[in-house]
Participant: 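Structure below; questions to follow.
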Amino acid sequence: MKKLLALSMFILMLLFLAACGGDDTSSEGDNAGEDDTSSEESSGDESSSEGDGEWAPSESIEIVAPAGAGGGWDTTARMSAQVLNEEGIIEQDMGVVNKEGAGGAVGWAYMAEQAGSNHNLFVSSSPILLVPLNGQSEYGHEDFTPIANVIADYGAFAVRDDAEWDNLNELFEDMKEDPQSVTVVGTSSPGSMDHIQFVRFAKAAGVDITKIKYVSAPDAGGITQLLNGSADVFSTGVAEVVEQARAGEIRVLAVTSEERLEGETLSTFPTAMEQGIDESFINWRGFFGPKDMDPAAVEYYEAKFKELSDSGAFADVRSNYGWNEMFMGSEEYQEFLDQEKEALKGLLDELGLTAE
Amino acid sequence: MGSIEGILTGFQVAFSIEGVLFVLLGVFVGTFIGMLPGLGPISAIAIMIPITYGMEPTLALVMMAGVYYGAVFGGSTSSILLNAPGISGTVASSFDGYPMAQQGKAGKALAIAALSSFAGGTVSVVLLMIFAPMLANVAISFGPPAYFALMLLGLTAIASLSEGSTIKALISAVVGFMVATIGIDPQTGTARFTFGSTNLLDGIDFLVIALGLFAIAEVCYLVMNRHKSLGGSGKDIGSLKLSKEDAKEMSGPIGRHSILGFILGILPGAGATIASFISYITEKRISKNPDKFGKGYVKGLAAPETSNNAATSGAFVPLLSLGIPGSGTTAVMLGAFLVLGLQPGPMLMGDEPEVFWGIIASMYIGNIFLLILNLPLIPYIARILTIPRPLLISLVIMFSLIGVYAISFSVFDLYLLLAFGVLGFLMRMFAFPAPPFILAFILGGMMEQSFRQSMTISDGNISIFFESNISLVLIILSALSLSFPILKNIWAKKKA
Amino acid sequence: MLQGVNRKIGLILAILTAGYLYMSYQLPTYPYIPVDADAIPKTLGWLLLVLSIALFFAKDQDTEEQKAKRRIPKKDTLALLGVFLLAFIYITFFQTVGFIIMTALFVYFCSWFLGYKNHIVNAIVSIAFPVALYSIFVYMLQIRLPQGILPF
């Protein structure tokens, strides 16, 4: 009898906790709901006048972030879903699912199984080109339907404030003489973004890229190694270096964008182009659907993501995270991806990192 | 002097009515999520991010911090009661916590865990408050050679983690290290031992191994003893009573490991898991009765529990003072800052003192709340153990399976969990100790990477490990640690 | 020759190690990297080989207690196999049939199989538990668990 009592107490407690917590979220949900209805009235008319009559989602939409919670893909997915729902751009429920693993390959393998579905989307960026080239994913962008690109991030190359190099050219001059005299650190492994963006610029400057010393340091080890002098150059995303540069700890030799970025500190970073190195690198990020998605559905989502990209709410999100606007529709996106892949393949071939 | 003003502003924020309410909400949600299978601080914070969107930043962050250490606090429950750690930072707590619970002292074990966590959390916040501005340099002082030396020092303790055959302990450790080499090698991008499977490219998650080797293997023994019931009556199980002796025994480890855990927490990449393990083995090595460990010894539970909570505060040092997230959890925390329009970095303390000090000050209250929330619940939670064995077994298996699924959402990992369960069962049957396996797995991967990073930097010159003072000292310590048992033997013989 | 547990384990380990070493030697290497991806696995492989040979020749220090631990009654072996089989079925149909149904079935049948006779409590627990967990995960925390064939 005692046992029974203990057991039912335990279950009661669980239910009680669930109910308590439920209160929290339901009040949140209520708020969100109110927002929904108020903004529906304003924006609902616009979207219906655009004539998306041919296809509309009939059930809840699943967005896969092929990475763990908190990363760039995950935040893009979650924030987009939130804005799409709250602004009433898409009324169907949008749930984000994390399919973490192998730099995205696990999520892509899952998406490949959803071929033909019109209610599954996923977020991806450059790794969807690089990882298959490295031979670590069976599926590349060719196996999916590009829908729209929404944001762009840029990379940066930083050195310690007391480093001997004042600009990118001085660094590359030294590397041309002896590529092994400089240690480059990045977060991801060779053949992935941090490495490749540096290699791309080094190659344009005429450095022997096969001999570059590159160290991969996960868990924010990159900035640590730069600051304590273990490594000389840190190749990373621009957001990672802003605060340290503002504090005068490090110096940004170049950002990978074509033109200077906007922002108090950001605008002080020179581009590689203005230093005479004709190269740029965009870390684009966008949405894809599975293979064989209904063209009408593609058209529907393309229009909705355009609306998202243009919305004020999403502009706020972008500025909070330091992202840039970069919209590409389905067709343009497809072409862009094909070209990028070709260029990246050349680099990886030269480095001996492509899978046979 | 500016910092004293800052501290005062911080307390003002933290002790305001809203401040107190949000801390309370944060620690409550955190403990609750931490108790759920597979959900630790990372998921807890990620779940809260959209909710805090648009909130007042300081209050939101005070709440998020509460969620973070609340989740670490709550994670030890299943580790102690079921041998099924919900988060990786509490695996070491099961070494002595589970045996203690099995002896019918579950309430006591949970109380020790709660008190140690509280003490570790509070002491480390004091350290954080006094030293945070200065500690920024400590966080970045470890280069790859120093990390290698630190991991080496940790691994030298393998012999001390095991009883019986040293050969078997070493085999266990080497196999654990081998398992750590599975997956993509970060230094070259080569996939190692993945058999072409996408599921193995990221390596095997620590919790899959820990739950397999401990929880599932333990389930096997429970199945065999399913008709026996636990010693002690329901009343004793829930009893929180600690004797004076217990309190005395706890005080030593609490003092030591709030400092050790805090320092390890500061180092990017080390974190609560490694801190709790290193604290456990340190405590065992310096103990006068090392053979009491692993059998429900108070010190063996107090040490890792103090340490993992202290490390949690430590992790805020690089995050708040440098903007460097040293772990997956603090990386998500950094994301939370960004959503709220704040950019943590070297300038944060000057630009936003009320955020910086508000978060730190709120941790005092948060820790007190955690204790007040948890202690009264212990008698009820401890009664989980009075659930009839067959039902308990099913629930533990379910808990472990969901725990693993919630980490990776991969069915493959569930099969892997069963496989490690079988391995753990066989290891126990043939007297191969599991702790060295686990230790080598968590330290080995990092040790290999930092070794190879060092060698790349030095162009293959081994002298790099003796160049920096930190790594030199750590390597000398490792050498001493290896020769210590031999010296002890010689000494003992001379005396006799 | 092959008497004693240590000898058998040593031999099995040595064979497995040989496989691991073979795979280590298949790993690709790159120029300009001082310590490549294969270095540590090779070291570990050889180390384990030495250790397993050492184990092979080590004296059996089996205590009676250890021996007793290995003696599993036939009934218990069957129970263990049964539990693993149930867990295996649970995992296999976890995604297609869905979290709630599979968990409920697993908890109910596993407890029953292990000798829990109170069917009413068992049924209540095995339904309440998964439903509670599912609602916490899915509705409260927005973490999706396999929905399976149920409509919610």
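Just so we're on the same page: letters track the sequence lines, and every chain starts at 1.
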Participant: Without swapping roles, check the side chain of A:E249 against the backbone of B:L322 for a donor-acceptor pair under 3.5 Å.
Facilitator: no
Participant: Under a 4.5 Å heavy-atom cut-off, does chain B meet the side chain of A:Q244, its backbone, both or neither?
Facilitator: both
Participant: Please classify the contact between B:P318 and chain A as side chain, backbone, both or neither, with a heavy-atom cut-off of under 4.5 Å.
Facilitator: neither
Participant: In the structure I gave you, are the side-chain heavy atoms of B:D202 and A:V106 within less than 4.5 Å of one another anywhere?
Facilitator: no
Participant: Run the numbers on B:I324 and A:L227 for side-chain contact (heavy atoms from CB on, under 4.5 Å), then give the verdict.
Facilitator: CA-CA 11 Å; B:I324 295 177; A:L227 289 173; 4.3 Å; yes
Participant: Would a distance-only check, ignoring hydrogens and angles, find a side-chain to backbone donor-acceptor pair under 3.5 Å from A:S216 to B:P186?
Facilitator: yes
Participant: Which of the residues A:R246, A:K99, A:E240 is involved in the greatest number of heavy-atom pairs with chain B at under 4.5 angstrom?
Facilitator: A:R246
Participant: Could you have a look at A:I223, A:D232, A:L226 and say which one has the most heavy-atom pairs with chain B under 4.5 angstrom?
Facilitator: A:I223
Participant: Please determine, among A:A105, A:S319, A:G191, A:S230, the option with the most heavy-atom pairs under 4.5 Å with chain B.
Facilitator: A:S230
Participant: Relative to chain A, which segment of B:T456 carries a heavy atom at a distance below 4.5 Å: side chain, backbone, both, or neither?
Facilitator: both
Participant: How many angstroms lie between atom CG of B:L342 and atom CD of A:E243, to the nearest 0.5 angstrom?
Facilitator: 10.0 Å
Participant: Please classify the contact between B:F412 and chain A as side chain, backbone, both or neither, with a heavy-atom cut-off of under 4.5 Å.
Facilitator: neither
Participant: Pick one of side chain, backbone, both or neither for A:V185, based on which atoms fall under 4.5 Å of a heavy atom in chain B.
Facilitator: neither
Participant: Select one option (side chain, backbone, both, neither) describing which atoms of A:Y214 are under 4.5 Å from chain B's heavy atoms.
Facilitator: backbone
Participant: Is there side-chain contact between A:P190 and B:Q187, with heavy atoms separated by less than 4.5 Å?
Facilitator: no
Participant: Can you tell me which portion of B:D413 sits under 4.5 Å from chain A's heavy atoms? Options are side chain, backbone, both or neither.
Facilitator: neither
Participant: Which heavy atom in A:Q225 sits nearest to a heavy atom in B:I457, and how many Å separate them?
Facilitator: OE1-CD1, 4.2 Å
Participant: Considering only heavy atoms, which portion of A:A109 lies under 4.5 Å from any heavy atom of chain B: side chain, backbone, both, or neither?
Facilitator: neither
Participant: At what distance, to the nearest 0.5 angstrom, does CG of B:D185 lie from OG of A:S189?
Facilitator: 8.0 Å
Participant: Quick one: which of B:P346, B:A336, B:G143, B:G203 has the most heavy-atom pairs under 4.5 Å with chain A, could you say?
Facilitator: B:P346
Participant: Taking B:M333, B:R452, B:Q449, B:M347 one by one, which has the highest count of heavy-atom pairs under 4.5 Å against chain A?
Facilitator: B:M347
Participant: Ignoring hydrogens, what is the shortest heavy-atom contact between B:S141 and A:N228? Give both atom names and the distance.
Facilitator: C-ND2, 4.2 Å
Participant: Could you tell me the separation between the CG atom of B:D459 and the OG1 atom of A:T183, rounded to the nearest 0.5 Å?
Facilitator: 7.5 Å
Participant: Do other residues, nucleotides or ligands put more than 12 heavy atoms under 6.0 Å from the CG atom of A:D162?
Facilitator: yes
